[in-house]
2 protein chains.
Amino acid sequence: MTVTIRDIAKYAQVSVTTVSRVLNNRYDVKDATRAKVTKAIEDLGYSPNIVARGLVLQRSHVLGFIVPDITNQSFPELARGIVQRARGLGYSVMFYDTDHDRRVEKEAIKLLRSKQVDGIIVSFNESNTEELERLKQENFPIVQIYRKSSHSVVPTIALDNVSSAYAATKYLISLGHKRIGHISTGTDVQSGAERLEGYRKALEEAGILFVPELVQTGINTAESGRECMMNLLKLAKLPTSVFACHDIMAAGAYDAILSQGLRIPEDISVIGHDNIQISELLHPKLTTMDTFKYQLGEKGVDLLVEQIEGKDLPRMEIECNTDLVVRESVARIV
Amino acid sequence: MTVTIRDIAKYAQVSVTTVSRVLNNRYDVKDATRAKVTKAIEDLGYSPNIVARGLVLQRSHVLGFIVPDITNQSFPELARGIVQRARGLGYSVMFYDTDHDRRVEKEAIKLLRSKQVDGIIVSFNESNTEELERLKQENFPIVQIYRKSSHSVVPTIALDNVSSAYAATKYLISLGHKRIGHISTGTDVQSGAERLEGYRKALEEAGILFVPELVQTGINTAESGRECMMNLLKLAKLPTSVFACHDIMAAGAYDAILSQGLRIPEDISVIGHDNIQISELLHPKLTTMDTFKYQLGEKGVDLLVEQIEGKDLPRMEIECNTDLVVRESVARIV
DNA sequence: TTGTACGCGTTATCAC
DNA sequence: GTGATAACGCGTACAA
């Protein structure tokens, strides 16, 4: 049925070794034989069985990628960075969506290992740390993306959330804003805590008093962002601008503001975070912090492959900067 | 290094056959021996090598999934449907992003086959038909999603675009609209052609004259949607509503309309198509046609697995309906 | 420069 | 019930 290396060996009247050699571009094979083999491969329509090769080489050239929810808006670009970089380095990637379920995540890891992936990238910050550290102790190549873990042994690609939120807030301040609201995911979420910290740091540095009621806490959905913004709009003295810690929440904030008949940015400025695709589709276009998700994915693969191919000691943590993307949702205070 | 079936056979003092038997839950093994083996597996922390198993079983339980661009907004839900259904059926999925490059697509197919996937799902409508038909002739399990191909031999999951566009247009007509613009991707794109046809059909049926200048053709981006809408807004007599053949283009249309100081839906109603995530984040929320992408993915996997496990003759084409999602962007003409 | 034989980890066949 | 042993398709010592 399937044509194997042995078939083409027979057809080309050489040994399997020779076939294997031309397949892997070895030098020590005469041009004539190489031609014979190449022709046989052509004639028989041979396609190498990479799985069998992996079995003997103990390397599958497949990477595992686990996310809690593909539907998360940061996912597509991140995934693209991962998949394309992997392809460039000769790896395929196998996908798992855990639906935020830790048991599924554990199962996915197990399955991925059974499928002999060479390493695993786990993204987003909900996953089971113990699980990952156990893997790392077994010396299994692994990378986590988006979670910083100062005393962890697991190689990590993370965002410098504090600096990023600091920059966003500072941008508002530089345009004259003093009464700045913050829509947060709260201190229970790592990125939420860090972005809140950056927000406070910027205020403090500018000598602006931190007002607790200007910080509204919700979850990372548009509806929650809308509610947070509604609360802000109920304040006796409105903020002149709002920093939402995720673009999705900023979109919800838009809805709240616009449905109250207020204008963006004339009445209230809004700045988001993440620069996901929708930020450019909102009207007015959302000013936000770009997180370079594609590059994050690339770096994740690099970090993983460093471990797999184990040249030198793998780096433990790569912290990535973000960048302000000025669009239309922030105005100067006159 | 890695612990194999042989190690646990030795440890449990049985043969590898017996180990394999308990691993696969065969009946013909005494409880006592089963216990011994189970304990050995536990003690040694054994994890089966599914790849080796696949080698002898000639089945990898891995599906290939090829898309031209993960970043396409329809992707996440589709992918989720695929990945989760696959998991439910005991399959993993391997991903490829071709970046709209047919050579990469061809290469991806080759690679996926080399990696011994049991079948391939190709999505979106740009791919090389010959390539797919060749695969099908070799009896290789394959499914294409989103392209209808009446005389093709390749099993297909498609949308009934004509009916869908017909329903969208008819909805506008039912609310009193007579001058209805259409933002299209043109007749060169299959979905574009079909949706245009549905639009025309609805007009015709209602006795509304088809006005060529009310149809603006562009590509599936917000910017192009904006340009199309701008052209519509230059018309001496404005349309009272617009049907955009993709939500992304509808988002661009929003931008054009709002930046001209017009209101949605009071001045112009907008209806989109696809019901991607952003449609709910726009303000006002976009009325659109839901395409059930998650289910499309599920059905794609089902159709593929039917071929792989070859129970009966596989179905050749599954056409999926869409559904109107009424939100806030369409008003009744008074 | 080329060929033989073994092993990668598993399952299936056929004995016992 | 259980155990040898031959595949599955490939790479690679080692020999020639």
Side-chain angles (χ1 to χ4, degrees), chain A residues 1-41 44-62 90 110-118, chain B residues 1-38 40-41 44-62 90 92 110-118:
Chain A
M1 169 85 194
T2 64
V3 25
T4 80
I5 205 181
R6 232 179 303 271
D7 296 321
I8 84 128
K10 204 171 295 173
Y11 186 92
Q13 314 211 53
V14 295
S15 76
V16 290
T17 314
T18 307
V19 178
S20 175
R21 282 201 184 98
V22 331
L23 243 28
N24 296 290
N25 279 312
R26 302 279 188 219
Y27 293 106
D28 49 356
V29 46
K30 206 170 12 176
D31 279 0
T33 22
R34 182 187 301 276
K36 270 198 301 187
V37 172
T38 314
K39 183 172 184 311
I41 290 176
L44 272 51
Y46 167 77
S47 158
N49 183 330
I50 299 188
V51 168
R53 173 184 297 167
L55 190 59
V56 11
L57 259 32
Q58 305 278 49
R59 183 141 301 173
S60 64
H61 280 270
V62 177
K110 203 173 150 193
L111 211 49
L112 249 13
R113 296 199 63 180
S114 269
K115 297 246 179 179
Q116 307 303 112
V117 299
D118 293 338
Chain B
M1 173 80 196
T2 65
V3 25
T4 80
I5 206 181
R6 233 178 300 270
D7 295 322
I8 86 130
K10 205 171 295 173
Y11 186 91
Q13 314 212 53
V14 295
S15 75
V16 291
T17 314
T18 307
V19 178
S20 176
R21 281 200 183 100
V22 332
L23 244 28
N24 295 291
N25 279 313
R26 303 278 188 219
Y27 293 107
D28 50 356
V29 46
K30 204 166 25 173
D31 278 1
T33 22
R34 182 187 301 275
K36 270 199 300 186
V37 171
T38 314
I41 290 175
L44 272 50
Y46 167 77
S47 159
N49 184 331
I50 299 188
V51 168
R53 172 184 299 167
L55 188 59
V56 13
L57 259 33
Q58 305 277 50
R59 185 143 299 174
S60 64
H61 280 272
V62 176
S92 303
K110 203 172 150 194
L111 210 50
L112 248 14
R113 296 199 63 179
S114 270
K115 297 247 179 181
Q116 308 302 112
V117 299
D118 293 337

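Numbered from 1 within each chain, the chains take letters A, B, ... in sequence-line order.
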*Asks:* Using whole Å, report how far CG of B:N25 lies from P of C:dT10.
*Replies:*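 In whole Å, C:dT10 P and B:N25 CG are 16 Å from each other.
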*Asks:* What pair of heavy atoms forms the shortest contact from B:V3 to B:Y46, and how long is it?
*Replies:*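 Where B:V3 meets B:Y46 most closely, the heavy atoms are O-CD1, 3.2 Å.
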*Asks:* Which atom names give the shortest non-hydrogen contact between A:S114 and B:S47, and what distance separates them?
*Replies:*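 For A:S114 versus B:S47, the nearest heavy atoms are OG-OG, 3.4 Å.
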*Asks:* Would you compute the distance between atom NZ of A:K36 and atom OG1 of A:T18 and round it to the nearest 0.5 angstrom?
*Replies:*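 Between A:K36 NZ and A:T18 OG1, I get 8.5 Å after rounding to 0.5 Å.
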*Asks:* Output yes when at least one side-chain N/O atom of A:Q58 is less than 4.0 Å from OP1 or OP2 of C:dG9, else no.
*Replies:*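 Looking at the OP1 and OP2 atoms of C:dG9, one of them is under 4.0 Å from a side-chain N or O of A:Q58.
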*Asks:* Extract from the structure each pairing of a protein N or O with an N or O of nucleotides 12-14 of chain C at less than 3.5 Å, listing the distance.
*Replies:*
{"residue": "C:dA12", "atom": "OP2", "partner": "B:R26", "partner atom": "NH2", "Å": "2.8"}

*Asks:* State the CG-CG distance between A:N24 and A:L57, to the nearest 0.5 angstrom.
*Replies:*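 The CG atom of A:L57 is 8.0 Å from CG of A:N24, to the nearest 0.5 Å.
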*Asks:* Sequence neighbours left out, what passes salt bridge (Lys or Arg N to Asp or Glu O under 4.0 Å) with B:R113? Give chain and number order.
*Replies:*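 Result, salt bridge (Lys or Arg N to Asp or Glu O under 4.0 Å) vs B:R113: B:E138.
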*Asks:* Could you grab the distance from atom CD1 of A:I5 to atom CD1 of A:I41, nearest 0.5 Å is fine?
*Replies:*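 It is 8.5 Å, given to the nearest 0.5 Å.
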*Asks:* From CZ of A:R59 over to C1' of D:dG11, roughly how many Å is that when rounded to an integer?
*Replies:*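 Going from CZ in A:R59 over to C1' in D:dG11 covers 15 Å.
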*Asks:* Provide, to the nearest angstrom, the distance between the CD1 atom belonging to A:I5 and the C1' atom belonging to D:dT12.
*Replies:*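 Those two atoms, CD1 and C1', are 11 Å apart.
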*Asks:* Using whole Å, what does the distance between atom C1' of nucleotide C:dG9 and atom CD1 of B:I41 come to?
*Replies:*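 So the CD1-C1' distance, B:I41 to C:dG9, works out to 14 Å.
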*Asks:* At less than 4.0 Å, is any side-chain N or O atom of A:T4 found next to OP1 or OP2 of D:dC8? Yes or no.
*Replies:*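 Looking at the OP1 and OP2 atoms of D:dC8, neither is under 4.0 Å from any side-chain N or O of A:T4.
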*Asks:* OP1, OP2 of C:dG3 versus side-chain N and O of A:S15: anything below 4.0 Å?
*Replies:*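 Yes, such a contact exists.
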*Asks:* As a test of reading the structure: which of C:dG9, C:dT2, C:dT10 is closest to the side chain of A:T33, going by heavy atoms?
*Replies:*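 Among the listed nucleotides, the one closest to the side chain of A:T33 is C:dT2.
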*Asks:* Tell me which of A:S47 and B:D31 sits closer to the 5' end of DNA chain D, going by the nucleotide each one is nearest to.
*Replies:*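 It is B:D31, whose closest nucleotide lies nearer the 5' terminus.
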*Asks:* With rounding to the nearest 0.5 Å, note down the distance linking OG1 in A:T38 to CG in A:D31.
*Replies:*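 Atom-to-atom, A:T38:OG1 and A:D31:CG are 9.5 Å apart.
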*Asks:* Does B:S60 reach the main-chain N or O of B:Q116 with its side chain, forming a donor-acceptor pair under 3.5 Å?
*Replies:*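 Yes, the answer is positive, given that a donor and an acceptor are paired below the 3.5 Å cut-off.
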*Asks:* Work out how much the helix from C:dT1-D:dA16 to C:dC16-D:dG1 bends between its end axes, five pairs an end, to the nearest 10 degrees.
*Replies:*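 Helix axis angle between the two ends: 40°.
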*Asks:* Round to the nearest Å and state the distance from A:D7 atom CG to D:dG9 atom C1'.
*Replies:*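 It is 10 Å, rounded to the nearest whole Å.
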*Asks:* Side chains of A:L55 and B:N49: does their closest heavy-atom pair fall under 4.5 Å?
*Replies:*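 In short, these two side chains touch, coming nearer than 4.5 Å.
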*Asks:* Which of these nucleotides, C:dG3, D:dC10, C:dT10, is closest to any side-chain atom of A:N49?
*Replies:*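 For the A:N49 side chain, the nearest candidate turns out to be D:dC10.
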*Asks:* When we call it a touch if two heavy atoms are under 4.0 Å apart, what does A:V51 touch: a base, just sugar-phosphate, or nothing?
*Replies:*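 Touches nothing.
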*Asks:* Nearest-Å distance, CD1 (B:I8) to P (D:dG3)?
*Replies:*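 Rounded to whole Å, this separation is 12 Å.
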*Asks:* For a quick check under 3.5 Å, do A:T17 and A:S20 share a side-chain donor-acceptor pair by atom type?
*Replies:*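 Looking only at side-chain atoms, A:S20 and A:T17 do not form any donor-acceptor pair under 3.5 Å.
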*Asks:* How close or far is atom P of C:dC6 from atom CZ of B:R6, stated in whole angstroms?
*Replies:*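 Those two atoms, CZ and P, are 15 Å apart.
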*Asks:* Find which nucleotide of DNA chain D each of A:A52 and B:R34 is nearest to by heavy atoms, and output the residue with the more 5' nucleotide.
*Replies:*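 The 5'-side residue here is B:R34.
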*Asks:* Check this one for me: any side-chain N or O of A:T18 less than 4.0 Å away from OP1 or OP2 of C:dG3?
*Replies:*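 Looking at the OP1 and OP2 atoms of C:dG3, one of them is under 4.0 Å from a side-chain N or O of A:T18.
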*Asks:* Figure out the CG/P separation between A:L23 and D:dC10, and round it to whole Å.
*Replies:*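 Result: 8 Å.
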*Asks:* Of the nucleotides C:dT10, C:dT2, D:dG9, which has the atom closest to the B:L55 side chain?
*Replies:*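 Minimum distance to the B:L55 side chain belongs to D:dG9.
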